[in-house]
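Take a look at the structure set out below.
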4 protein chains.
Amino acid sequence: MKKDKPKYKMIIDAAVVVIAENGYHHAQVSKIAKQAGVADGTIYLYFKNKEDILISLFEEKMGQFVQSIRTRMSDKTDAIDQLKILVDSHFNMLAEDHHLAIVTQLELRQSNKDIRLRINKVLKEYLVLVDEVLQNGVDNGVLSEDLDIRLARQMVFGTIDEVATSWVINDQKYSITDLAPGVHTLLVKGLRK
Amino acid sequence: MKKDKPKYKMIIDAAVVVIAENGYHHAQVSKIAKQAGVADGTIYLYFKNKEDILISLFEEKMGQFVQSIRTRMSDKTDAIDQLKILVDSHFNMLAEDHHLAIVTQLELRQSNKDIRLRINKVLKEYLVLVDEVLQNGVDNGVLSEDLDIRLARQMVFGTIDEVATSWVINDQKYSITDLAPGVHTLLVKGLRK
Amino acid sequence: MKKDKPKYKMIIDAAVVVIAENGYHHAQVSKIAKQAGVADGTIYLYFKNKEDILISLFEEKMGQFVQSIRTRMSDKTDAIDQLKILVDSHFNMLAEDHHLAIVTQLELRQSNKDIRLRINKVLKEYLVLVDEVLQNGVDNGVLSEDLDIRLARQMVFGTIDEVATSWVINDQKYSITDLAPGVHTLLVKGLRK
Amino acid sequence: MKKDKPKYKMIIDAAVVVIAENGYHHAQVSKIAKQAGVADGTIYLYFKNKEDILISLFEEKMGQFVQSIRTRMSDKTDAIDQLKILVDSHFNMLAEDHHLAIVTQLELRQSNKDIRLRINKVLKEYLVLVDEVLQNGVDNGVLSEDLDIRLARQMVFGTIDEVATSWVINDQKYSITDLAPGVHTLLVKGLRK
DNA sequence: TATGAATGAGACTTCATTCAT
DNA sequence: GATGAATGAAGTCTCATTCAT
C-alpha cells in the first residue's frame with residue numbers, strides 16, 4: 001500500500017507546508033518535491049497528479065480527524081456533551097497545526113470546482129457525524145423535536161467554519177480554543193428544546 | 001463616469017454569465033468580451049485588467065445589495081424583524097440571479113489572495129450591518145445582554161453562507177427562499193434573551 | 001500643402017517631446033495626440049501612419065539643419081574652416097534642443113529597419129555635404145591627396161555622432177559646444193596633408 | 001554552470017541567426033526555440049526571460065572578443081601596433097560572422113533602454129581597452145602629449161563603428177577587412193604626436 | 001525506485017488604425 | 001475637417017507531466 005510508505009506522508013506534509021507558506025496558486029509541484037526532499041518525478045510514483053495530492057492531503061488529515069472525534073465522543077450519550085467535544089476538537093485540531101489551518105480554511109478553497117467536489121465528499125463524513133449528534137439529541141428529547149436537521153447542521157458547521165476562517169484571516173492572533181465554550185453555548189441555545 | 005456607461009454593466013453581466021457557466025478558471029477575457037458583444041480590447045477601456053472586472057463585479061452587485069437591505073430595514077426598529085429582512089433579502093438576492101449565486105458562492109472564492117482581500121473589503125460593509133443589527137438588539141433588550149457580538153455575527157453570517165453554498169452545490173434544486181423562516185427562527189432562538 | 005498647416009508642425013513637435021520624455025517604445029500615438037492637443041484620429045489626417053510621423057520628424061528637423069549649415073558655410077572656401085562650421089553647427093543644434101538631441105541620438109535608433117533605412121536617406125544629404133567639404137579640401141590641396149573620401153567621411157560623421165551620443169547618454173551634463181574645437185582639431189589632424 | 005551546457009550556446013547561436021534573418025522585432029521566442037531545436041519552455045531553463053537572451057548573447061560574443069584582443073595585443077608595447085590589432089580584430093570578428101554583424105550593428109540597437117544599458121556595461125570593457133591603449137601611447141610619447149583621451153576614444157570607437165555599420169547597411173558587399181589599414185592610418189595620423 | 005531535464009499548450013493585454021458622427 | 005470609441009491581432013512565459021537514464 002502506497003499510503004503506508006514513508007514518502008507518501010512526507011509529500012503530503014510537504015504540500016501542507018508549501019501551500020501554507022506560498023499560497024495555493026504558488027504551490028508548484030516542484031516546490032513540494034523540493035520541500036519533501038524528493039525529485040519532481042517521484043511525486044508521480046505516489047500520486048496520480050497534482051489534484052490527487054490535494055485530495056489525498058484532505059482525506060488523510062480530515063479522515064483521521066473524524067475518527068478521533070468519534071473516539072472521544074464514544075463515552076458520551078448526551079448530544080449537548082457530544083457537541084462540546086465536536087467544537088473543542090475542531091478548534092483544537094486547527095490550533096495544533098497552524099499550517100494545516102491555513103491550508104484547510106483558506107488555500108484549499110481556491111481550488112477548482114472538481115477538487116472542491118471531491119473534498120466535499122470527505123467533508124461529508126464530518127457532516128454525517130454532526131447529523132448523528134443532532135438526531136441523537138432530538139431522539140432523546142434534548143433538542144427541539146421540530147428541529148430541521150439539515151438546517152441545524154448547516155448552522156453548526158457554518159458557524160464553526162466561519163469562526164475558524166476569521167481566526168485564520170486574522171493571522172491566528174487570538175486563541176481559538178478559548179472561543180469554544182462561547183460557540184458551544186450559542187449553538188446549543190439555538191438548538192435546545 | 002465609466003460606471004454609468006451601458007457597456008460597463010454589459011461587461012459585468014457578461015462576466016457573471018461566463019464565470020457561472022465555465023467556472024472561474026475558464027472564464028477568459030475573450031469569452032467575456034464575446035458574451036458582452038464587444039471586442040476584447042473594449043474590455044480594457046472600462047476595466048484596468050481582468051482582476052478589476054471581478055472586483056468591480058462584486059462591488060457592483062454586493063454594494064447595491066447592502067444598500068437595498070438598509071433601505072428595507074429602515075422602518076423596522078426591532079432587531080428580530082431586522083434579522084428577518086436580512087435573511088430574506090440575502091436568500092432572495094441569490095434566488096433571483098442563479099448565475100450570480102454560483103459566482104459569489106463558489107467561483108469567486110477561487111480567486112487569488114489579492115482579489116479576495118478586495119472582495120473582503122466589500123463584504124465588511126455587510127458584516128458591519130449585521131453587527132449594527134445585533135448591537136441594536138442588545139441595546140434594546142431583545143437579545144442576550146451578554147452576547148459576544150463578534151461570535152454572534154460569525155454565527156449569523158456563517159449559517160446564512162453555509163445554507164446558501166449548500167443550496168448552490170446542490171444545483172439550486174430546492175427553493176432557498178423557503179428556508180428563510182427556518183433559518184431566522186434558528187438564529188433568533190440562539191441569540192434571543 | 002499639409003506640411004504648411006499649423007497642426008502638421010504641432011504634431012511633429014509633440015512627437016519630439018513625447019518620444020524624448022517617454023522613450024521610443026512608450027510613445028503611443030494617443031500620447032502624441034494628447035500632447036499636440038488634437039484627437040487621435042486627427043493625426044491620420046496629416047500622416048499616413050505612425051512611421052510617417054517619425055520619418056517626417058527627421059526630415060523636417062534634419063532637412064532644415066543641412067540647409068542652415070550650407071548657408072553658414074557659403075562664405076568659406078577653405079575645407080578646414082568649413083569643417084569647423086560643420087562641427088560647431090552640429091553640436092549647436094543638439095545643444096539648442098535637448099529633446100531633439102535625445103530623440104535623434106538615442107530614441108529614433110530603436111526604430112525598426114524600415115524606418116532606419118528611410119531615415120538614412122535623409123541623413124544622406126548630410127553625408128553628401130561632408131563629402132563635398134572633404135573633396136574640396138583634397139582638390140585645393142588642403143587635405144591629403146590620397147584621402148579615401150568615404151573612409152574620411154565615416155571618420156568625421158562617426159566621431160561627431162559618437163561624441164554627441166556620449167553627451168546625451170551622460171544626460172547632457174557638460175557643454176557639448178565646448179567640445180567642438182577639440183573635435184575639430186582631432187579630425188583635421190587626421191585628414192590634413 | 002548553465003553557460004557551459006551545450007544548449008546554452010545553441011540557443012544563443014539560434015538567437016543570432018533568427019534576429020539577423022527576421023529583424024529584432026520579429027524574433028519571437030518560439031522562432032528562436034525552433035531554430036535551436038528545443039521546445040519554447042526549454043529556453044526558460046537557461047534564460048530568465050527574452051531580454052536575458054539578448055544580453056547574454058552580447059556578453060557571450062563581446063566578452064570573448066575583448067579577451068581575444070587583449071591576448072593578441074599582449075606581445076605589443078607600441079600603441080600604434082596595438083591600435084592596428086584592435087581595428088583588425090574588430091573588423092575580422094564582424095567579417096567572420098555575418099549574422100552576428102547584423103545583430104550587433106543594427107538589430108540590437110533597437111532594443112529598449114534597459115537592455116541597452118546592460119549592453120553598454122559590456123561595451124564599457126571595450127572602451128576601457130581603447131583608453132588603455134591611448135594612455136599607453138601618450139605615456140610612451142608615441143601619441144600627442146595633450147591628447148584628450150575621452151575625445152580620442154570617441155573618435156576611435158565612433159569611426160570603427162560607423163565604418164562597420166555602413167558596411168552592414170550596404171549588405172556587406174565589400175570586404176571590411178580590407179578597410180582596416182586605411183582606417184588605422186587615418187586614426188593614427190589624427191592621434192600621433 | 002528515483003531522477004530532473006525537457007516539453008508545449010494556453011491566455012492576458014497593448015496600441016495602431018478605423019469610421020460613424 | 002475633427003473626433004474618440006471601438007477594434008482585434010499577436011507574443012511571452014508558466015508549470016504540470018513525461019520518460020530516458
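In what follows, every chain begins at residue 1, and chains take the letters A, B, ... in the order their sequences are listed. None of the values given here were measured: they were computed from a predicted structure.
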Between C:Asp161 and C:Gln105, is any side-chain donor less than 3.5 angstrom from a side-chain acceptor?
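The answer is yes; a qualifying pair exists.
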Using a heavy-atom cut-off of 4.0 Å across all strands, would you classify D:Val29 as base, sugar-phosphate, or nothing?
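Result for D:Val29 = sugar-phosphate.
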Value in whole Å for how far the C1' atom of E:dC12 lies from NE2 of B:His26:
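Roughly 16 Å, once rounded to whole Å.
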Between E:dG4 atom C1' and A:Gln28 atom CD, what is the distance in whole Å?
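Atom CD in A:Gln28 sits about 16 Å away from atom C1' in E:dG4.
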Any heavy-atom pair between the side chains of [Y] and [X] that's under 4.5 Å?
| X | Y | answer |
| --- | --- | --- |
| D:Phe58 | D:Leu123 | yes |
| B:Tyr24 | B:Leu54 | yes |
| A:His98 | A:Ile102 | no |

What is the distance from atom OG of C:Ser56 to atom CZ of C:Arg118, rounded to the nearest 0.5 Å?
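Spacing of OG (C:Ser56) from CZ (C:Arg118) equals 8.0 Å.
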Measure the CZ-CD1 distance between C:Arg116 and D:Ile169 for me, rounded to the nearest 0.5 Å.
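Between atom CZ of C:Arg116 and atom CD1 of D:Ile169 there are 7.0 Å.
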Going 5' to 3' on DNA chain F, which nucleotide is the first and which the last to come under 4.0 Å of a heavy atom in chain C?
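The contacted stretch runs from F:dG1 to F:dG4.
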Is it true that C:Lys113 and D:Glu107 have a side-chain N and a carboxylate O under 4.0 angstrom from each other?
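Judged by the 4.0 Å cut-off on N to carboxylate O distance, C:Lys113 and D:Glu107 do form a salt bridge.
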Identify, residue by residue, the members of residues 34-53 of chain D with a heavy atom below 4.0 Å from DNA chain E, and return them in order of residue number, or none.
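Of all residues in residues 34-53 of chain D, the ones placing a heavy atom under 4.0 Å from DNA chain E are D:Val38, D:Ala39, D:Gly41, D:Thr42, D:Leu45, D:Tyr46.
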Just to be sure I understand: a Watson-Crick pair is purine N1 to pyrimidine N3 plus N6-O4 or O6-N4, both under 3.5 Å. Using that and G-U wobbles, which stems of three or more pairs involve DNA chain E?
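Only these stems qualify: E:2-21 with F:2-21.
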Tell me, with the steps shown, if D:Glu59 and D:Lys121 meet salt bridge (Lys or Arg N to Asp or Glu O under 4.0 Å).
CA-CA 9 Å; D:Glu59 284 174 349; D:Lys121 241 181 235 174; over 6 Å; no
Closest-nucleotide mapping onto DNA chain F: is C:Lys7 or D:His25 further toward the 5' terminus? I mean the 5' end.
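Nearest-nucleotide comparison on DNA chain F picks C:Lys7.
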Check each of C:Asp97, C:Thr104, C:Asp13 against C:Lys61 using the side chain to side chain donor-acceptor pair (under 3.5 Å) test, and report the only one that passes.
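Among C:Asp97, C:Thr104, C:Asp13, the one that satisfies the side chain to side chain donor-acceptor pair (under 3.5 Å) with C:Lys61 is C:Asp13.
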Strictly distance-based, threshold 3.5 Å: is any side-chain N or O of B:Lys50 a donor or acceptor partner for the main-chain N or O of B:Ala27?
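Answer holds: yes.
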